[in-house]
Each structure stands twice: as structure tokens, then as C-alpha cells.
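For reference, the structure discussed in these notes is given below.
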Amino acid sequence: MVFKFSGRENLVFLTLALLILLFLVAVAEQTAAAWGRGAMQLGFLLVLVVAIWTVRRSHGVFRSGLGILGFLVLLTAASYSFSTTGVRLLQLASLATLFSGIAWLTFRQVLFTPGPIDQNRLFGAISIYLLLGIIWAMFYVSVLEVDPDAFNGADAGPWLESIPEFVYFSFVSLTTLGYGDISPATPITRYLVYVEAIVGQLYIAIMIAGLVGAGISHLGDKKRQ
């Protein structure tokens, strides 16, 4: 299959940015060095910039995204001088808000945009799945910031140091692989884990059914024309 870009492939670029982020997360964990964590932060910034760029025609959403991104940048700068739990939780909350907004907008574009099921919508379905894994990783490290004993097999620390292994754990939970090297140790973390597993399975079923339904609806519209 040959992909031809027409200038409307915003979700293709979002998926590529997410894959780059996940690679940089792995690099950060592999190196366990400051430059690796810096590269991972650039990966998060890349995803956010690409996502905000793709909604530039929707002025209200675009301005809201820029506002939250600016607030996040200020928090990140402040964290170098005031690395407290409160500041780190605000960072995570801002990131989770932005990524959740990106996932919702992508979901709407994939399932509720008129027209054929093209490559952009297929890539969008992939990007939502990747976003779910990243968002849940943020939930996990947020809990770990408050309760260092929330997980077995994971060391507590600032979220930039903890997030690589919890991105791994999140996708293992999302896909219900469950290797067991990291496991929830409290009722709240067990709840988060099994909800993620349920969401992961439901997402696949709902997305496939939605795409098939949208495709059938588009074919029906074409026949009536």
C-alpha cells in the first residue's frame, strides 16, 4: 500500500509523534541519565505541539491547548527550583488533561467525521490506543507520588524517573499481558489496573464496530446519491 499525503493527515502525524515519544521513553529508561530524561521531555513536547497544530483551525480549542501548554511549561521551569510533590502533581494533571483532550478530539474525528474510512482515520484509531496507555501511566505515577508503596516491584521517585517503567506497565495492563514484574499493592491501584484492562478490551470492540458502521453508512450514502 502506498500512502499519499493530501495535507489532511493530522492523525498520521500524531501517531508518528506518539511512536517517537514511546521510543524516547524507552531510551530514558535504558540510559537512566539526565539527557535521556531530557529527550523524553522533548518527546512529550513534540506530541503536544503536533496535537495543537492539528486543531489550529478550531480557534477555541487551539487557544485552550496553547494556554494549558504554556501553564505546563511554566510548571516545568518551576520544578527545577521547587521540586515538590505538589508541583509534580500539577505537571501530571496538566499533561493528563492535554492528553485526554487530544484523545477525545481524535475519537470524535475518527468515528464522527463524514466520509470514507481513510488512512488518517485508521491512524487515528491507533493513536487513541497509544494515548490511553500514556494517560494511564500518568495516573499510576500520580498515585506513586502520593503513596510510595502503591506498587510492588517499582521504586518511588519523581515522576520523570518513574514514568518509563509505568508506561511499560500501563501497556502491559492495557493489552492484558500481565507479566507480573510490577503489580498493584493497594486497592486504588488495583482498581486503576483492572479498569485499564477493561477499557483496553472495550476500546478495540467499540472502535472496530464504529469503523465498520461508519464505512457501511458511507457506502449507503454513496448509493443513494
Side-chain angles (χ1 to χ4, degrees), residues 7-29 31 33-110 112-113 120 123-124 126-146 157-164 166-167 170 192:
R8 294 189 297 272
E9 288 80 6
N10 59 322
L11 301 182
V12 176
F13 297 125
L14 177 60
T15 304
L16 292 175
L18 286 165
L19 291 173
I20 292 171
L21 168 60
L22 293 176
F23 173 72
L24 293 176
V25 167
V27 169
E29 186 172 17
T31 60
W35 70 265
R37 291 191 293 273
M40 180 178 65
Q41 286 180 288
L42 288 176
F44 276 107
L45 181 62
L46 172 66
V47 171
L48 295 175
V49 168
V50 169
I52 291 172
W53 172 77
T54 62
V55 296
R56 63 194 183 281
R57 292 188 179 89
S58 179
H59 300 300
V61 176
F62 180 71
R63 286 194 294 268
S64 298
L66 282 180
I68 299 174
L69 180 58
F71 179 66
L72 179 60
V73 170
L74 289 175
L75 280 176
T76 303
S79 68
Y80 288 103
S81 301
F82 308 100
S83 185
T84 64
T85 299
V87 171
R88 293 195 294 269
L89 286 174
L90 278 174
Q91 282 182 285
L92 287 166
S94 300
L95 270 175
T97 299
L98 280 169
F99 275 78
S100 298
I102 294 166
W104 171 243
L105 291 171
T106 303
F107 182 79
R108 287 180 57 188
Q109 183 173 345
V110 169
F112 301 113
T113 300
N120 193 51
F123 272 95
I126 296 170
S127 68
I128 296 170
Y129 198 71
L130 298 179
L131 284 165
L132 287 174
I134 294 169
I135 290 166
W136 245 270
M138 294 174 192
F139 293 161
Y140 295 140
V141 293
S142 296
V143 174
L144 195 66
E145 284 279 355
V146 178
W159 74 269
L160 275 174
E161 298 176 8
S162 303
I163 194 127
F166 279 98
V167 168
S170 179
L192 287 173

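All values below come from the heavy atoms of this structure, side chains included, with hydrogens, waters and symmetry mates left out. Just so it is clear, the model here is predicted, and its values are computed rather than measured.
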Rounded to the nearest 0.5 Å, how far apart are [atom1] of [X] and [atom2] of [Y]?
| X | Y | atom1 | atom2 | result |
| --- | --- | --- | --- | --- |
| Gln41 | Gln91 | CD | CD | 7.5 Å |
| Leu19 | Ile126 | CG | CD1 | 8.0 Å |
| Leu16 | Leu11 | CG | CG | 11.0 Å |
| Thr31 | Arg37 | OG1 | CZ | 8.0 Å |
| Leu72 | Ile68 | CG | CD1 | 9.5 Å |

Mind checking what makes side chain to side chain donor-acceptor pair (under 3.5 Å) contact with Glu29, not counting sequence neighbours?
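Applying side chain to side chain donor-acceptor pair (under 3.5 Å) to Glu29 gives none.
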Are the side chains of [Y] and [X] in contact, using a 4.5 Å heavy-atom criterion?
| X | Y | result |
| --- | --- | --- |
| Leu89 | Val146 | yes |
| Leu21 | Leu46 | no |
| Leu95 | Trp159 | yes |

Take Asn10 and Gln109, measure what side chain to side chain contact (heavy atoms under 4.5 Å, CB included) needs, and give me the verdict at the end.
CA-CA 10 Å; Asn10 59 322; Gln109 183 173 345; 3.0 Å; yes
What are the two closest non-hydrogen atoms of Ala51 and Ile102, and how far apart are they?
CB-CD1, 3.4 Å
How far apart are the closest heavy atoms of Thr106 and Ser127, and which atoms are they?
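Residues Thr106 and Ser127, closest heavy atoms: CG2-OG, 3.5 Å.
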From CA spacing to verdict: side chain to side chain contact (heavy atoms under 4.5 Å, CB included), Ile163, Val25:
CA-CA 8 Å; Ile163 194 127; Val25 167; 5.5 Å; no
For Phe71 and Leu98: C-alpha separation, side-chain torsions, deciding distance, then whether side chain to side chain contact (heavy atoms under 4.5 Å, CB included) applies.
CA-CA 11 Å; Phe71 179 66; Leu98 280 169; over 6 Å; no
With a 3.5 Å distance limit and no angle check, can you tell me whether Thr15 reaches the backbone of Phe123 through a side-chain donor-acceptor pair?
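Between the backbone of Phe123 and the side chain of Thr15 there is a qualifying donor-acceptor contact (under 3.5 Å).
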Donor-acceptor pairs under 3.5 angstrom involving side-chain atoms of residues 128-144: please list them, not counting sequence neighbours.
unit_1 : atom_1 : unit_2 : atom_2 : d
Trp136 : NE1    : Leu192 : O      : 3.1
Tyr140 : OH     : Glu196 : OE1    : 2.5
Ser142 : OG     : Met138 : O      : 2.7

Walk me through it: do Leu45 and Leu69 pass the test side chain to side chain contact (heavy atoms under 4.5 Å, CB included)?
CA-CA 9 Å; Leu45 181 62; Leu69 180 58; 4.2 Å; yes
